[in-house]
Amino acid sequence: MNRIIKYASLLMAAVMLISCGGTVDNGDGSTGAKTLKLVADKNLIQTFGGDFATLTVTLDGEVVTEGVTFFDGKNNVLTISDFKFSTDKVGEYKIWANVGTYNSETITIKAIDIEIPDTPADPKPESTDFKARVLLTEFTTVGCSACPAMKTILHGVEEDAEVAAKVIMTECHSGLVGGVADPCYIHNQAFEDFCAITGYPTVKLDLDKTPSDRNAMKSAITEIHATKADKAPGIAVNAKLQDDKVVAKITVKAKVAGSYRVGAFLVEDGIYAVQTSATADWMHNHDNVIRYIDAQYKNSFYGIPVADIKAGETADTMISWILEDIWAYGTERGEINGGIAWPARNNDKLHMVVFVSMSDGFGGYQVVNAIDCPINGETKFEYR
């Protein structure tokens, strides 16, 4: 099943490159090591219209154009003319390069059969004064008797217009409590582990911070939001829904120079499921429920690496999802773990949350902005 949907096409200014490197000993008696890198100017291509990804091979930073052999994920030799990879078949393609005794790491190029949208127009090309938001994720489940208290607190956040404008709300029903089946259930233990979830309910702000005082949620959101004012990048998305497939181009515009990553959640509104110990009828209706997480890079969920972006410049990344596959997998895991299938998909209730993380300069990352946008439409940069 083609359910695991990876992404990233990197362009910055004219072109940004996605890179993977493999390091080996020189073999000439020296103690150093050389690195062979294979990079592609984009990792998402169309199967029509003559689209292709341009490959570049470097050895310790020097471009290599002769003596390069390409291999696929099964170590079969690939014929790639003029370092341009194209295909007329949908799928994910693993490619690595060899030059003499040097091997690169493997990159993945995904080929899709729907048109990739254009980059959204920038309404203020000279500005980097963007609106900032905090990404809030509530880890919960309908069998949790303690969760209604948290839902009441978060409901208060949503009703406070000033605070609500500073936050993007999501629900992650990643656990099951008391044997109660949950139609919102998503199977992703790695995401729970990354966010250090040990019980329900737990709220994470920007995937990292846990408010120490539940009743101070508004204050925590406001404080974190204030730290983003001088660094929040802009996020623009152009998404297209066609034949139950979603493809989106995401553009990041840096306010400050840095190394950036992009993550995305597919979310759904209007799921009815009886909430244990509910104190109000609205608690049985679940919105912003995470259905798919497209943000994992190795052991991190701060997003897929995009690029090092200079202040005022942009980089593009692309994602693609097959909704039928996401629903098939989600229903399968729900039936195995909770005894209940996901409700029939209603595309009108689906949207996406996109977030951007930036390197903190110490080997870690932090979420610096997030937006909520449609899966079939254009969302431009939001300026203050």
Side-chain angles (χ1 to χ4, degrees), residues 131-178 180 182 184-186 188-232 263 265 267 273 275-290 293 295 300-303 353 355-358 360 362 364-372:
K131 290 183 179 179
R133 291 182 178 84
V134 177
L135 175 64
L136 184 152
T137 305
E138 177 196 10
F139 289 83
T140 183
T141 181
V142 297
C144 168
S145 61
C147 289
M150 178 60 73
K151 292 185 181 300
T152 299
I153 293 170
L154 297 180
H155 192 62
V157 171
E158 291 178 309
E159 289 188 325
D160 186 326
E162 183 178 352
V163 180
K166 300 174 182 177
V167 67
I168 299 292
M169 310 279 281
T170 62
E171 285 188 16
C172 186
H173 290 240
S174 55
L176 297 167
V177 175
V180 180
D182 190 343
C184 304
Y185 177 73
I186 180 172
N188 198 317
Q189 186 63 48
F191 184 54
E192 276 210 339
D193 292 344
F194 175 76
C195 293
I197 305 304
T198 58
Y200 310 99
T202 297
V203 168
K204 288 290 181 176
L205 300 178
D206 289 340
L207 304 182
D208 176 40
K209 300 173 181 64
T210 306
S212 58
D213 181 354
R214 293 179 175 182
N215 295 314
M217 190 70 68
K218 293 182 183 180
S219 297
I221 292 169
T222 300
E223 289 172 8
I224 294 174
H225 180 268
T227 67
K228 297 174 181 278
D230 296 330
K231 58 186 175 184
F265 298 151
V267 295
Q275 176 67 52
T276 299
S277 301
T279 57
D281 288 343
W282 59 263
M283 292 185 180
H284 304 308
N285 294 294
H286 305 272
D287 293 326
N288 303 309
V289 173
I290 297 175
I293 300 169
S300 169
F301 281 84
Y302 280 122
V353 169
F355 60 92
V356 175
S357 302
M358 184 176 69
D360 61 10
F362 301 97
Y365 279 77
Q366 55 186 214
V367 176
V368 285
N369 210 353
I371 63 166
D372 192 309

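In this text the structure is predicted, and so the values were computed from the model without any measurement.
To the nearest 0.5 angstrom, D213 atom CG is 8.5 Å from S219 atom OG. Remark: Q366 CD to K231 NZ distance equals 3.5 Å, nearest 0.5 Å. Taking NZ of K151 as the start and NE2 of H284 as the end, the distance is 11.0 Å to the nearest 0.5 Å. For the atom pair L207 CG and F301 CZ, the distance stands at 9.5 Å (nearest 0.5 Å).
What you find for G263 and A295 is that their closest heavy atoms are CA-CB, 3.8 Å. Looking at every heavy atom in both residues, D281 comes nearest to N285 through O-ND2, 4.0 Å. In plain terms, the two heavy atoms of P211 and K209 that are nearest each other are CD-O, 3.7 Å. The shortest heavy-atom contact between F355 and G303 is CE1-N, 4.4 Å. The minimum heavy-atom distance between M283 and P148, with the atom names listed, is CE-O, 3.4 Å.
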Side-chain polar contacts of residues 158-169 - donor-acceptor pairs under 3.5 angstrom, sequence neighbours left out - could you list them?
unit_1 : atom_1 : unit_2 : atom_2 : d
E159   : OE2    : H155   : NE2    : 3.3
D160   : OD1    : E162   : N      : 3.2
D160   : OD1    : V163   : N      : 3.4
D160   : OD2    : K218   : NZ     : 3.3

Name the atoms and distances for all side-chain donor-acceptor pairs under 3.5 Å in residues 189-199, with sequence neighbours left out.
unit_1 : atom_1 : unit_2 : atom_2 : d
Q189   : NE2    : D193   : OD1    : 2.8
E192   : OE1    : Y200   : OH     : 3.4
E192   : OE2    : S174   : OG     : 2.4
E192   : OE2    : Y200   : OH     : 2.5

Run the numbers on I153 and V203 for side-chain contact (heavy atoms from CB on, under 4.5 Å), then give the verdict. CA-CA 11 Å; I153 293 170; V203 168; over 6 Å; no
Begin with the C-alpha distance, continue with both residues' side-chain angles, and end with the deciding distance and a verdict on side-chain contact (heavy atoms from CB on, under 4.5 Å) for F265 and I186. CA-CA 12 Å; F265 298 151; I186 180 172; over 6 Å; no
Take V367 and D208, measure what side-chain contact (heavy atoms from CB on, under 4.5 Å) needs, and give me the verdict at the end. CA-CA 9 Å; V367 176; D208 176 40; over 6 Å; no
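In this structure, the salt bridge (charged side-chain N to carboxylate O under 4.0 Å, His left out) partners of K228, at least two apart in sequence or on a different chain, are D206. Scored by the ring pair (Phe, Tyr, Trp, His ring centres under 6.0 Å) test, H286 finds H173 as partners (sequence neighbours excluded). Looking at residues two or more places apart in sequence or on another chain, you find a side-chain contact (heavy atoms from CB on, under 4.5 Å) between T227 and I224.
Contact check for V157 versus L136: no side-chain heavy atoms found under the 4.5 Å cut-off. Residues N369 and R133 meet the side-chain proximity criterion, which asks for heavy atoms closer than 4.5 Å. The closest side-chain heavy-atom distance from V180 to T141 is not below 4.5 Å. In this structure, T140 and M150 have side chains that are not in contact, with every pair of non-hydrogen atoms separated by 4.5 Å or more.
Annotation: D230, atom CG; neighbour count of heavy atoms from other residues, nucleotides and ligands within 6.0 Å does not exceed 12.
Among the candidates T137, T210, T170, the single residue satisfying the side-chain hydrogen bond (donor to acceptor under 3.5 Å, both in side chains) test with K204 is T210.
Side-chain atoms of S145 and T276 include no donor-acceptor pair closer than 3.5 Å.
Listed by first then second residue, pairs satisfying disulfide (SG to SG under 2.5 Å) with a partner in residues 134-164 read C144-C147, not counting sequence neighbours.
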